[in-house]
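First comes the structure, then the notes that go with it.
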Amino acid sequence: MRVVVTGAAGFLGSHLCDALLDRGHAVLGVDNLVTGDLANLEHLHGRAFQFVRHDVTRYIDVPGAVDAVLHWASPASPIDYLELPIQTLKVGSLGTHNALGLALAKRARFVLASTSEVYGDPLEHPQKETYWGHVNPIGPRGVYDEAKRFAEALTGAYHRAHGLDTRIVRIFNTYGPRMRLRDGRAVPAFMSQALAGEDVTVFGDGTQTRSFCYVSDLVDGVLRLLESETTDPVNIGNPHEVTIAEIARTIIRLIASPSRIIYRPLPVDDPKQRRPDITRARTQLGWEPRVGLEEGLLRTVEYFRKKLASQPPAAR
Ligand code: NAD
Ligand code: UDP
């Protein structure tokens, strides 16, 4: 297949490109580098990979045949989408429209990277795909949550109105190598702080929960979904739920860091609990996460250690 990946220079996009190339597909990565980094793609020189620097909120022109479009472009960390509210809304709406239009013109399969944030601060726990969510549309997180909800609605409309072959993956908190050290998400934030011996900043009282999935498991789930006939949304995430204070303590312990935990105000609308019900992925895709939390955290720490060692002290 020839696959277009939007958001290819990002954390997840770059891992998806690797996995697609490993399966023998040709990949065209499209990214405007707003939160991505070409360093995530450097190792692909010489492979069946092309890259175009382009903002997908503008018309996406791809000459030649395309078999699948994986739409991964969007700021994803809360500090990124709070800094880039309008770009986030635009890439979820206009960007999704353009990516769907490209898939339609090429008669390609389309996969949308959606998110557990479509469930907002959930009143149902764990979250099944049938849950409609509890989102504040005008709160600061609304720019991301509503953009993704709109993107799902538009994807459903293209499926129904145009018969486009679509997939929707609702990704739950995923971590691993190639996250930006300072992207503000819990795992890289705690790791960069613990590695530097700085205070580890837990927001709120740390009793809110998340369920963290290692990147290789996520990529495996996405590829299974791409190759399946499942057009309904599918949760992909690890159901192992932990409190944020617990993951902070685990990271400090694994790094053997002298850091101590300090508490900072909880961001507005921060979900109190999150855990995927993965029955649909298990039954329809035969998917199951395989990498345990400590194993995944250790692999990620190793990446961050190397990354820090290669940076001049001023950039750390
Ligand atoms: P990331 O910030 O590392 O990657 C996003 C990429 O999209 C970046 O390379 C960025 O430059 C690019 N991009 C943003 N706007 C663009 C535009 N207008 N045109 C072209 N490129 C653009 O984040 P990530 O964690 O890799 O997330 C990737 C996707 O997965 C996002 O759609 C995100 O919503 C979704 N997702 C991620 C998680 C997670 O835990 N990592 C959870 C839920 C959903
Ligand atoms: N969090 C925290 N300290 C940080 C960064 C995040 O306590 O330095 C908390 C955040 O408030 C949330 C959880 O960790 O409750 C997960 O945050 P992240 O940004 O990783 O993802 P999301 O909120 O989108 O699930």
Side-chain angles (χ1 to χ4, degrees), residues 5-16 29-38 40-41 52-58 60 70-82 84 86-96 98-99 111-119 121 141 144-145 147-148 151 169-176 178-180 182-193 199-215 218 222 235-237 242-245 247-248 261-274:
V5 178
T6 76
F11 160 50
L12 295 181
S14 64
H15 284 282
L16 267 181
V30 183
D31 202 300
N32 68 351
L33 304 180
V34 67
T35 58
D37 188 345
L38 281 181
N40 291 334
L41 300 172
V52 178
R53 184 169 182 169
H54 178 69
D55 179 342
V56 298
T57 65
R58 296 170 189 273
I60 311 168
L70 272 52
H71 181 41
W72 253 247
S74 173
S77 106
I79 58 165
D80 286 342
Y81 60 73
L82 296 182
L84 303 164
I86 296 166
Q87 287 94 321
T88 302
L89 281 158
K90 283 176 73 179
V91 75
S93 53
L94 306 176
T96 304
N98 289 331
V111 188
L112 174 69
S114 186
T115 166
S116 52
E117 283 281 327
V118 298
Y119 303 122
D121 187 4
R141 295 174 91 99
Y144 181 68
D145 301 7
K148 290 289 184 179
V169 51
R170 292 189 180 148
I171 303 169
F172 283 64
N173 298 65
T174 302
Y175 68 97
R178 301 190 196 148
M179 292 185 100
R180 283 177 4 254
R182 302 275 173 189
D183 91 351
R185 288 184 270 195
V187 170
F190 296 164
M191 285 190 180
S192 58
Q193 292 163 339
D199 291 343
V200 168
T201 54
V202 166
F203 300 157
D205 62 5
T207 57
Q208 71 272 31
T209 67
R210 294 294 186 273
S211 307
F212 293 95
C213 183
Y214 189 66
V215 60
L218 184 277
V222 170
N235 290 339
I236 297 285
V242 291
T243 68
I244 292 305
I247 195 152
I261 292 179
I262 55 164
Y263 294 87
R264 289 283 172 265
L266 191 67
V268 177
D269 295 333
D270 197 286
K272 282 181 270 310
Q273 53 181 2
R274 178 180 292 156

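Index from 1, following the sequence. Atoms within a ligand are numbered from 1 in the order they appear, just like the ligands themselves.
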So which of [options] gets nearest to [atom], if we judge by its closest heavy atom?
atom	options	answer
atom 9 (C) of ligand 2	Met179, Gln208, Arg210	Gln208
atom 19 (O) of ligand 2	Pro78, Pro271, Gly206, Ala76	Pro78
atom 5 (C) of ligand 2	Gly184, Ala245, Pro188	Gly184
atom 23 (O) of ligand 2	Arg185, Glu117, Arg141	Arg141

[atom] [closest protein heavy-atom partner, distance rounded to 0.1 Å]:
atom	value
atom 7 (O) of ligand 2	Phe203 N, 2.6 Å
atom 13 (C) of ligand 2	Ile244 CD1, 3.5 Å
atom 20 (O) of ligand 2	Ala186 N, 2.7 Å

**Complete:** With Thr174 as partner, the option from Val187, Leu218, Ile236 fulfilling side chain to side chain contact (heavy atoms under 4.5 Å, CB included) is Leu218
**Asp80 and Arg180 ion-paired at < 4.0 Å** = yes
Using a strict cut-off of 4.0 Å, indicate which atoms of ligand 2 neighbour a heavy atom of [X].
X	result
Pro267	11 (O)
Val202	7 (O)
Ala189	8 (O)
Asp270	10 (C), 11 (O), 12 (C), 15 (O)
Asn173	21 (O), 22 (P), 25 (O)

**Item:** Under 3.5 Å: donor-acceptor pair, side chain of Thr243, backbone of Gln208
**Value:** no
**Request:** Decide yes or no on salt bridge (charged side-chain N to carboxylate O under 4.0 Å, His left out) for Lys148 and Glu117, but give the supporting numbers first.
**Result:** CA-CA 8 Å; Lys148 290 289 184 179; Glu117 283 281 327; over 6 Å; no
With rounding to the nearest 0.5 Å, note down the distance linking [atom1] in [X] to [atom2] in [Y].
X	Y	atom1	atom2	answer
Arg185	Phe212	CZ	CZ	10.5 Å
Gln193	Ile261	CD	CD1	10.0 Å
Ser114	Tyr119	OG	OH	8.0 Å
Thr209	Ile244	OG1	CD1	7.5 Å
Asn32	Thr57	CG	OG1	7.5 Å
Arg170	Leu112	CZ	CG	9.5 Å

**Prompt:** Is there at least one pair of N or O atoms, one from Leu266 and one from ligand 2, spaced under 3.5 Å apart?
**Reply:** no
**Message:** Please evaluate residues Tyr81 and Val91 with respect to the criterion side-chain contact (heavy atoms from CB on, under 4.5 Å), reporting the C-alpha separation (whole Å), side-chain torsions for both, the decisive distance (0.1 Å), and the verdict.
**Reply:** CA-CA 11 Å; Tyr81 60 73; Val91 75; over 6 Å; no
**Item:** Min heavy-atom dist Ser77 to ligand 2 below 4.0 Å
**Value:** no
**Arg274 touching ligand 2 at heavy-atom level, < 4.0 angstrom** = yes
**Request:** Describe, in one word, how the ring planes of Tyr214 and Tyr175 are oriented to each other, choosing from parallel (under 30°), tilted (30 to 60°) and perpendicular (over 60°).
**Result:** perpendicular
**Request:** Tell me the residues surrounding ligand 1, counting only those with a heavy atom closer than 4.0 angstrom, sorted by chain and number.
**Result:** Gly7, Ala9, Gly10, Phe11, Leu12, Asp31, Asn32, Leu33, Val34, Thr35, Gly36, His54, Asp55, Val56, Thr57, Trp72, Ala73, Ser74, Pro75, Ala76, Val91, Ala113, Ser114, Thr115, Tyr144, Lys148, Ile171, Asn173, Thr174, Arg185
**Audit row: Arg141, Val268, side-chain contact (heavy atoms from CB on, under 4.5 Å) steps and yes/no** = CA-CA 8 Å; Arg141 295 174 91 99; Val268 177; over 6 Å; no
**Item:** Side chain, backbone, both or neither: Thr201 near ligand 2, heavy atoms under 4.0 Å
**Value:** both
**Request:** Indicate, as side chain, backbone, both or neither, the part of Val187 found under 4.0 angstrom from ligand 2 when only non-hydrogen atoms are considered.
**Result:** neither
**Item:** Working for salt bridge (charged side-chain N to carboxylate O under 4.0 Å, His left out), residues Arg210 and Asp270
**Value:** CA-CA 11 Å; Arg210 294 294 186 273; Asp270 197 286; 3.0 Å; yes
